[in-house]
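For reference, the structure discussed in these notes is given below.
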Amino acid sequence: MIENPAYDWIEKSLSTIEKAGWYRTVKRIESIPGAMIKLDGKSLLNFASNDYLGLASDQRLIQAATRAVQRYGTGSTGSRLLSGHRPLHDELESAIAQLKQTEDALVFSSGYLANLGTITALVGLRDLILADQYNHSSLKKGAVLTGGKVMDYKHCDLEDLEQQLSTNRAAYRRCLIVTDTLFSMDGDICPLPDLLDLAAKYQAMVLVDEAHATGVMGDKGGGCVNYFDCSDRAPIQMGTLSKALGSLGGYIAGSKRLIEFLRNRAPSWIYTTGLSPADTAAALAAIKIVREEPQRRQKLWENIQFLQEALADLPLLPSQSPILCIRLDNPTEAVKLSDHLQHKGIFAPAIRPPTVPFSRIRISLMATHEPEQLQYLVDELKAVL
Ligand SMILES: *Cc1c(COP(=O)(O)O)cnc(C)c1O
């Protein structure tokens with residue numbers, strides 16, 4: 001540690017984290033992504049990935065990325081408004097707008113940056129943000145950065161949301177409701193149509209985060225907005241290229257004027273380097289596959305249905321998605337179960353407080369899991385629970 005008393009607090013803080021059992025370390029995966037991975041030299045069945053459609057190792061994405069590197073090089077070399085804009089960005093933004101059934105879209109260098117930049121552009125000191133208590137970190141941090149008033153409502157609880165709207169809305173200039181559509185640590189989905197009705201009633205804007213829903217939910221893979229068929233009523237749709245789309249980067253889809261506004265006002269888009277050619281091309285290839293191969297999504301949903309039914313007598317959290325969580329009484333039990341599964345050749349992480357309010361094993365499914373692999377997971381879980 002650095003010999004300077006000004007930094008002593010870091011040592012103290014770290015030891016508090018260790019004592020609470022919250023200390024985190026990375027897991028080193030030494031193989032290409034997929035249903036099977038290699039971790040610490042051992043082959044494991046992978047239930048820990050956001051690569052829902054198995055696209056991160058798809059040859060078409062790999063080739064698109066490779067061609068883009070050969071043609072445009074490795075880096076974008078500047079911000080989009082200076083030297084970092086390529087024809088690939090235009091193509092990707094059109095493809096996203098088409099997938100999301102919006103007029104236009106804007107690609108950020110990550111989903112986290114898309115949320116930070118968009119929320120800070122839309123909301124100021126005189127405004128109110130109402131946020132689901134289980135929202136992703138990027139939505140929470142974005143809200144705080146605005147300097148506006150931020151209030152949480154109970155998870156997916158529209159009565160609580162309406163209560164807060166009726167009490168507080170009038171005291172603020174603008175209001176933005178922010179929510180994940182598919183909640184990443186629970187796997188449940190937000191009651192979007194009713195939430196949009198409430199927003200209309202109280203003249204509030206709505207930003208929906210479709211990070212886990214894109215490519216997964218809806219008949220076209222357009223996300224929960226597509227699933228609930230309300231694209232004409234959800235003006236600000238955020239998502240990421242890094243989950244089902246197997247690449248890196250984030251986006252906002254919306255009206256032409258919204259996107260023009262963000263190009264002029266979103267600091268995390270204006271003052272950061274454009275998405276790399278390889279990531280841009282890979283995401284573009286992925287969207288084409290999402291459009292042309294609905295059978296991948298269908299396979300994913302068959303896997304979800306199989307596992308939901310096979311595990312029905314375990315304490316599952318309510319889920320309508322590829323994310324299935326088994327609730328455990330405390331962090332120690334969750335870690336013990338995860339370690340046991342790993343010993344049996346299964347990678348399914350324990351998720352603990354403070355990330356979530358109660359401990360669980362989180363299983364995320366892929367379209368490329370085979371029935372025998374799912375059955376093996378079921379057998380091993382039932383053997384211990
Ligand atoms: C992963 C995630 C993000 C951030 O996306 P990145 O592209 O990984 O930065 C934002 N919101 C939600 C709900 C997410 O799950």
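Atoms within a ligand are numbered from 1 in the order they appear, just like the ligands themselves.
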Report task. Please indicate whether Lys382 has more than 12 foreign heavy atoms, meaning atoms of other residues, nucleotides or ligands, lying under 6.0 Å from its NZ. Result -> yes
Requested in this report: Could you list the atoms of ligand 1 found under 4.0 angstrom from a heavy atom of Ser242?
Outcome: 6 (P), 7 (O), 8 (O)
Query - Heavy atom of the protein closest to atom 14 (C) of ligand 1 (residue, atom name, distance) - result: Lys243 NZ, 2.8 Å
Query raised in the report: Is the shortest N/O to N/O distance between His212 and ligand 1 below 3.5 Å?
Result: yes
Requested in this report: Write out the residue and atom name of the closest protein heavy atom to atom 9 (O) of ligand 1, then the distance separating them to 0.1 Å.
Outcome: Tyr112 N, 2.9 Å
Report summary line: The atoms of ligand 1 lying under 4.0 Å from a heavy atom of Asp180, numbered in the order shown, are 13 (C)
Query raised in the report: Asn264: what forms a side chain to side chain donor-acceptor pair (under 3.5 Å) with it, not counting sequence neighbours?
Result: none
**Report entry** Atom CD of Gln203 with >12 non-hydrogen neighbours under 6.0 angstrom
**Finding:** no
Report task. Before accepting this row, confirm whether a basic side-chain N of the pair Lys336/Glu333 lies closer than 4.0 Å to the acidic partner's carboxylate O. Result -> no
Query raised in the report: Which atoms of ligand 1 have any heavy atom of Ser138 under 4.0 Å away?
Result: 10 (C), 11 (N)
Report summary line: protein heavy-atom neighbour closest to atom 3 (C) of ligand 1 works out as His136 CE1, 3.4 Å
Query raised in the report: For atom 5 (O) of ligand 1, which protein heavy atom lies nearest, and how many Å away is it?
Result: Gly111 CA, 3.4 Å
Query raised in the report: Is the distance between the ring centroids of Phe183 and His136 less than 6.0 Å?
Result: no
Report task. Could you tell me which atoms of ligand 1, counted from 1 in the order shown, lie closer than 4.0 angstrom to a heavy atom of Ala211? Result -> 2 (C), 11 (N), 12 (C), 13 (C), 14 (C), 15 (O)
Query raised in the report: For ligand 1, which atoms sit closer than 4.0 Å to a heavy atom of Asp209?
Result: 10 (C), 11 (N), 12 (C), 13 (C)
Query raised in the report: For ligand 1, is Gly250 a contact, meaning one of its heavy atoms is under 4.0 Å away?
Result: no
Requested in this report: State the atoms of ligand 1, each with its element, that fall below the 4.0 Å cut-off from a heavy-atom position in Thr240.
Outcome: 5 (O), 6 (P), 7 (O)
**Report entry** side chain to side chain donor-acceptor pair (under 3.5 Å) partners for Ser276, two or more places apart
**Finding:** Asp279
Query raised in the report: For residues Lys100 and Thr214, is any side-chain donor paired with an opposing acceptor at under 3.5 Å?
Result: yes
Query raised in the report: For the atom pair CD1 (Ile363) and NE2 (His369), what is the distance rounded to the nearest 0.5 Å?
Result: 10.0 Å
